[in-house]
Structures are given as structure tokens and as C-alpha cells.
Amino acid sequence: MRKIILTITTVICMFGIVHIAVTPLGYNGYTINDLWFASFGCSLIFLALLNYVVMNIKQRQTNMFIVCHVANILCAILVSLILTRALFPHIILLFVLVVLETFLIIRYQFSLKSD
């Protein structure tokens, strides 16, 4: 399960990097739309790094798990709201990945407590 979570985390991080890299191609200048588009890429990278940290910390700190769960749930809600306006395959894939990662991280936390 750990490899699956890390693979999903890597793919989400790649989505964020591509999102930031595409920003100058799709927009001209630094308008508010450009900044919102690029900031979503930054938030995807932050989400991926947060999940990576939770997977690799030696001491199981419940505060980090809580922050990670809240971030995953908020990102899933945000992507679902984006889906209401733009129903594209890459956004559907991102939604599936974020929801899957949310459930797998929660399951991972509970499997650690039983050990």
C-alpha cells in the first residue's frame, strides 16, 4: 500500500509541476487569473509533499496526520468544485487520484495504529 500511495503522490506532484509550467503558455502577463492558475499548481505540489512527509516520518505524530487529512479533503472538495465548471479528462483523473490518496492515507494511518 505504501508504494501505491507514493506513486499517487508523485503523479499529483507532477500535475502541479505541469500546471505551473503551462501557466506562461496559456496566459499573457501577471493577471489575477494567472496567479490563481499557478497557485493551484503550487497547492498540488504542497499537497504531494505533505503526503510524502506523512508517509516518511519516523514518529507517528497525530497532528501531522490531521493536517494531511484536512489538506486532502479540502483539495478533493476544491477539485470537485472545479469539475462542476470544467468537465475535462485530466481534471477527472486528478479528482480520482486525490480521493484515492485521501482514502489510502486514512487507511494507512489506521493500519499503523493496529500494529
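Index from 1, following the sequence.
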Are [X] and [Y] grouped together when hydrophobic residues (ILVMFWY) are joined by side-chain heavy atoms under 4.5 angstrom apart?
X: Ile106; Y: Ile66; answer: no
X: Ile5; Y: Ile57; answer: yes
X: Val11; Y: Ile8; answer: yes
X: Leu44; Y: Phe103; answer: yes
X: Leu83; Y: Leu74; answer: no

Transitive ILVMFWY cluster of [X] at side-chain heavy atoms under 4.5 Å: who else is in it?
X: Leu25; answer: none
X: Ile32; answer: Trp36
X: Ile45; answer: Met14, Ile17, Ile20, Leu49

Which distance, rounded to the nearest 0.5 Å, do you find between the [atom1] of [X] and the [atom2] of [Y]?
X: Leu78; Y: Ser43; atom1: CG; atom2: OG; answer: 6.5 Å
X: Tyr108; Y: Phe65; atom1: OH; atom2: CZ; answer: 6.5 Å
X: Cys13; Y: Leu6; atom1: SG; atom2: CG; answer: 12.0 Å
X: Lys3; Y: Thr10; atom1: NZ; atom2: OG1; answer: 13.0 Å
X: His69; Y: Ile105; atom1: NE2; atom2: CD1; answer: 7.5 Å
X: Cys68; Y: Ile73; atom1: SG; atom2: CD1; answer: 9.5 Å

Of all residues at least two apart in sequence or in a different chain, which pass the side-chain contact (heavy atoms from CB on, under 4.5 Å) check with [X]?
X: Ala38; result: Thr23
X: Arg107; result: Met1
X: Val18; result: Val22

Does anything in residues 37-61 form a ring-ring contact (aromatic ring centres under 6.0 Å, His included)? List the pairs, not counting sequence neighbours.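 Residue pairs with at least one partner in residues 37-61: His19-Phe37, His19-Phe40, Tyr27-Phe37.
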Shortest non-hydrogen separation from Ala71 to Leu50 and the atoms involved: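 Shortest heavy-atom contact: CB-CD2, 3.7 Å.
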For residues 84-101, which side-chain N or O atoms pair as donor and acceptor with protein atoms under 3.5 Å away, sequence neighbours left out?
residue, atom, partner, partner atom, Å
Thr84, OG1, Leu81, O, 2.5
Glu101, OE1, Asn51, ND2, 3.2
Glu101, OE2, Thr9, OG1, 2.5
Glu101, OE2, Asn51, ND2, 3.3

Residues which pass side chain to side chain donor-acceptor pair (under 3.5 Å) with Asn33, listed by chain and number, not counting sequence neighbours: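 So Asn33 forms no side chain to side chain donor-acceptor pair (under 3.5 Å) with any residue.
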